[in-house]
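Worksheet: the structure to be examined is printed underneath.
In what follows, every chain begins at residue 1, and chains take the letters A, B, ... in the order their sequences are listed.
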Amino acid sequence: MARFIDELRRTHYCGDLRAADAGREVVLYGWVARRRDLGGLIFFDLRDRDGITQVVFDPGFSPEGDIQRLVGQDDEVWPEDRVKAAYSLAEQVRREWVVGVRGVVRHRGSNVKKDLATGEIEVMVSELEVFNQAETPAIPLDDEIDSDEETRLRFRYLDLRRAPLQKTLRLRHKLNQATRNYLSNAGALELETPIICKYTPGGARNFLVPSRLSPGKFYALAESPQLFKQLFMVSGFDKYFQIVKCFRDEDLRLDRQPEFTQIDIEMSFINQDDVFRLLEGLMFTLFEATGAADLKALYPDGTFPRMSFHESERRFGNDKPDLRFGLELSELTDLAIEHDGGGIPLMKAIVDKFADGTYRKEVPEEIIKAFVIPADAKLSRKQVEDLEKGLKEIKGFPGLGRAKVGDDGSWSQSPFAKVVTDDFRVALNAHVGAKAGDVICISMGKPAIVNAALSKLRLEVGKRMELIPQFGHGGEWKFLWVVNPPLFEEDGEGGFVAAHHAFTRPIDDHIELVESDPARVLCYRYDLVLNGVELGGGSIRLHDPDVQQKVFRVLGIEDDKAKELFGFLLDALRSGAPPHGGIAIGMDRLAMLLSGAPTLRDVIPFPKTNQGIDLMSGAPDRVEPSQLGEVFITTTVEDAPDA
RNA sequence: GGGGUAGUAGUUAAGUUGGUUAUAACGCCGGCCUGUCACGCCGGAGGCCGCGGGUUCGAGUCCCGUCUACCCCGCCA
């Protein structure tokens, strides 16, 4: 029977002990974070998931006063031979070795270390066991390290020992638990849905899984439980939730991983407001459970503000505005029309198309907008040009038309300075609120490009001016519901595609427009945005077969085709579907925002790189030709194993 | 698919107009040290300069290619 673990049970974690524990005999297990050998006196910083305790090996020490003994241990408190053995073993120990210690807690007296939770005490060791030795770690295990992320990911099991990652994963634990409690209390049932399922086209690209039992056929990994949760509603489960892994075979980003976790929710007999109320309550609960912020103080009436999709696009250039700072965009199309282009040829060309009816104001094909870089930003001309260069990443972006505003409202450093009419210049300055020293940045063209460029510029300038930090919340939490986006998007060839998915309900007043003017149809779709990050989104679903058919017709999906694509869902919706809707929240993104982490990789235990590779395990990897044969696969890659 | 940045001891970095044996800090190993806590002091080991090719008397440095990671666009809720 082993002495430690079997006989000497752990009494505390390494973050537990305080001054009040002085005189207590304890047993701690953990990793040696640091060792300080003074020659005749040895200190370990012993670390486990809860913290660090200094343990001391001092052969000359003997405890005084009453000792509160370990339960079931009545041997001698300080046997000399055992203490000496512990000391000489401690001389051999190196960092990251895994050890158990038995000893007596002592107050540190004048040696208190203030920046350590357990800094008032130390454990004088009477008995030491080495459970395991360890190779020298490849990366330093300090809280703050600047090791390359590639190396950290390769040795993820070491990286995860560090306090910051321990902390964020514990945060995820709290999020999971609090989410389950809240949603269960709200009457939602936690039900599971398949991960390997039928491939359905549209939306994100699926990971494919070859079938061994059905030669030549494939499963897809679920990109979301969307269809299944709707079927739960059809089946009468009324309220459902799941904390579920989803899979998308798309390119990665800071805030995108190929597998990720979402809080998935669906409810019957509800409207948009019901979803909002449930989610607002969930956010309040999660923020309280994690101690992130007191949302009650920030949103006293318990609700988050709402903004229409169009308003968000107009004021901020995207559908996920960061409301922690102002610097809104200005719409100039109407002003340019009033001034017939104001002497600027590029604008005149656009204005003319509105005049002759080529473009419609409701759904314009080109727009003119401006963003003002305030004089306060104190950006040099070079810095402004660098910012503009950064925007060139946006495909099709033609560049900005800039104008620096003088004391008298004149424009300089501008391609428009010589041609603009005085009337238009004065009106424009007033319209965008430009003051001396400001730089007006004008963009015109396709709305998607104009908005992409100016919204990116707004964020960049916001960061330069330190209105928001480079990453993290900076102590501010700005929630927003972005609601009622268009149901359809033009596909550029005269037709339409679903802006999100084909099962979103048009807003009641727009049902007639589905057939007459699809471009103007808005729908019951909503995104929850926090600090400029899309936390999640959902919709009220389309459960009416007649409207559904009209939507399919707009999308150019014939009845036969619809059956082929969505067969079982359509059948199900015709079999007694209640009005229903739901939402999905990105758990990883939420954890990222709450922890202030710069990337999703910091809140996922074993993340993939930008190329979708697990640097630690080496996934994905080749497999034996025989394995491919079993699933009836050959590859077309030249140096593949079966080539 | 496209654009950008980077790659030099275990780690993080320096390395000048191409020029002797490629530096430093931390870490590691050995020695000394009884109140340290980023312990201190003394000594030591450790390098395919990402990889391949080229220019050159000579390449960490210049050129071409390639690989890997990161950031962005496209794509993606």
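Between A:Phe218 and A:Tyr199, a ring centre-to-centre spacing not shorter than 6.0 Å is recorded. Checked against the 6.0 Å centroid criterion, the rings of A:Phe57 and A:Tyr87 do not qualify as a close aromatic pair.
With B:C72, B:C76, B:U11 as the choices, the nucleotide that has an atom nearest any side-chain atom of A:Glu250 turns out to be B:C76.
Distance CG (A:Asp159) to C1' (B:U12): 15 Å, rounded to an integer number of Å. For the pair A:Gln92 CD and B:C29 P, the interatomic distance rounds to 11 Å; values are reported in whole Å.
Counting any heavy atom pair closer than 4.0 Å across all strands shown, A:Gly119 reaches no nucleic acid atom. Nucleic acid contact for A:Arg256: base, since at least one base atom lies under 4.0 Å from a heavy atom of the residue.
Between the C1' atoms of B:G10 and B:G27, the separation comes to 7 Å (whole Å). Taking atom P in both B:G7 and B:C63, one finds a spacing of 14 Å when rounded to whole Å. The gap from the C1' atom of B:G47 to that of B:U8 amounts to 8 Å, rounded to the nearest Å. If you take atom C1' in B:A25 and the same atom in B:G46, they sit 15 Å apart, rounded to whole Å. Straight-line distance between the C1' atoms of B:C39 and B:C33: roughly 10 Å, to the nearest whole Å. Using atom P as the reference point in both B:U66 and B:G43, the two lie 49 Å apart (nearest Å).
Using a cut-off of 4.0 Å between Lys/Arg side-chain N and Asp/Glu carboxylate O, A:Lys229 and A:Asp264 are scored as salt-bridged. Using a cutoff of 4.0 Å between basic side-chain nitrogens and carboxylate oxygens, A:Glu223 and A:Arg205 are not scored as salt-bridged.
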Write out a two-atom table: protein N or O, nucleotide N or O from nucleotides 1-9 of chain B, distance below 3.5 Å.
unit_1 : atom_1 : unit_2   : atom_2 : d
B:G1   : O6     : A:Asp251 : OD2    : 3.3

Give me, pair by pair, the N or O atoms of the protein and of nucleotides 65-69 of chain B that are less than 3.5 Å apart, along with how far apart they are.
unit_1 : atom_1 : unit_2   : atom_2 : d
B:U68  : O2'    : A:Glu150 : OE2    : 3.0
B:A69  : O4'    : A:Glu150 : OE1    : 3.2

Where protein sits on nucleotides 35-41 of chain B, one letter per nucleotide: B base, S sugar-phosphate only, - none, heavy atoms under 4.0 Å: BBBSB--
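Residues from residues 580-599 of chain A with heavy atoms under 4.0 angstrom of RNA chain B: there are none. Remark: A:Arg525, A:Glu534 in residues 522-537 of chain A come within less than 4.0 Å of RNA chain B through at least one heavy atom.
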Would you tabulate the side-chain donor-acceptor contacts of residues 603-612 of chain A under 3.5 Å, counting partners in other chains and residues two or more places apart, or write 'none'?
unit_1   : atom_1 : unit_2   : atom_2 : d
A:Lys608 : NZ     : A:Glu259 : OE2    : 3.4
A:Thr609 : OG1    : A:Gln611 : N      : 3.2
A:Thr609 : OG1    : A:Ile613 : N      : 3.3

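For the OP1/OP2 pair of B:C29 and a distance below 4.0 Å, the side-chain nitrogens and oxygens of A:Arg94 include at least one atom meeting the criterion.
For A:Asp142, the salt bridge (charged side-chain N to carboxylate O under 4.0 Å, His left out) test picks out A:Arg34, with sequence neighbours left out. Scanning for side chain to side chain donor-acceptor pair (under 3.5 Å) contacts around A:Asp48 gives an empty result, with sequence neighbours left out. In terms of the side chain to side chain donor-acceptor pair (under 3.5 Å) criterion, residue partners of A:Gln383 (sequence neighbours excluded) are, by chain and number, A:Ser380. Checked against side chain to side chain contact (heavy atoms under 4.5 Å, CB included), A:Ile195 has the following partners two or more places apart in sequence or in another chain: A:Leu221, A:Phe247. Judged as a salt bridge (charged side-chain N to carboxylate O under 4.0 Å, His left out), and not counting sequence neighbours, A:Glu313 has no contacts.
Taking a pair as Watson-Crick or G-U with both hydrogen-bonding distances under 3.5 Å, the stems of three or more pairs touching RNA chain B are B:1-7 with B:67-73, B:10-13 with B:23-26, B:28-32 with B:40-44, B:50-54 with B:62-66.
In the model, A:Gln242 has a side-chain atom that pairs as donor or acceptor with a side-chain atom of A:Thr193 under 3.5 Å.
Seen from the ring of A:Tyr13, A:Arg49 counts as a face-on cation partner, given the 6.0 Å and 45° thresholds.
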